[in-house]
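Hydrogens, waters and symmetry mates are skipped; everything else that's a heavy atom, side chains included, is used.
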Amino acid sequence: MSLTHWLVVAVLVLLLFGRGKISELMGDMAKGIKSFKKGLAEDDDVAEGMSQPRGGQTIEHRQDAQARTGVGANDVHKS
């Protein structure tokens, strides 16, 4: 394509969309790119936090848990 073809295409684009619409579109695209990069940075922070070792965790066992759920309760009465 020659230079005149590109000029005609540029003029048609300006006529169809207008100068303000193109700048608005570019601004929206820039905001999208910034938010995408911010999201990637936040994902990296979360991944780094998950890879760090944690302290020991304890699991509490309650004695009344068996009585509430009925686990083992029938075995005692069958004998």
Side-chain angles (χ1 to χ4, degrees):
M1 293 184 106
S2 69
L3 181 61
T4 56
H5 287 105
W6 285 111
L7 288 174
V8 169
V9 169
V11 168
L12 288 175
V13 167
L14 283 174
L15 287 175
L16 288 175
F17 295 107
R19 190 171 152 226
K21 191 70 170 177
I22 292 174
S23 63
E24 181 181 324
L25 182 67
M26 289 299 164
D28 290 343
M29 193 160 80
K31 288 178 186 177
I33 291 171
K34 285 179 184 178
S35 66
F36 178 74
K37 287 182 180 181
K38 182 181 176 183
L40 286 179
E42 288 175 358
D43 287 344
D44 289 343
D45 292 343
V46 170
E48 287 176 7
M50 294 180 84
S51 65
Q52 294 175 355
R54 295 183 181 176
Q57 295 180 347
T58 59
I59 299 174
E60 296 181 18
H61 178 73
R62 294 176 34 178
Q63 291 291 336
D64 63 342
Q66 286 182 343
R68 258 188 300 123
T69 59
V71 177
N74 292 336
D75 295 337
V76 175
H77 296 294
K78 287 183 181 178
S79 325

- Item | Residues that, via side-chain heavy atoms closer than 4.5 angstrom, fall in one hydrophobic cluster with Leu3 | Leu7

- Enumerate the residue pairs fulfilling side-chain hydrogen bond (donor to acceptor under 3.5 Å, both in side chains) with a member in residues 21-30, sequence neighbours excluded, ordered by first and then second residue. none

- Message: Taking side-chain hydrogen bond (donor to acceptor under 3.5 Å, both in side chains) as the cut-off, I'd like each qualifying pair that reaches into residues 4-17, sequence neighbours left out, listed once.
- Response: Ser2-Thr4, Ser2-His5

- Note on the structure: side chain to side chain contact (heavy atoms under 4.5 Å, CB included) filter on Val9, not counting sequence neighbours, yields Val13

- Message: Under the rule for side chain to side chain contact (heavy atoms under 4.5 Å, CB included), what residues qualify as partners of Ser35, not counting sequence neighbours?
- Response: none

- Item | Linked, directly or transitively: Leu14 and Leu16 (ILVMFWY side chains, under 4.5 Å) | yes

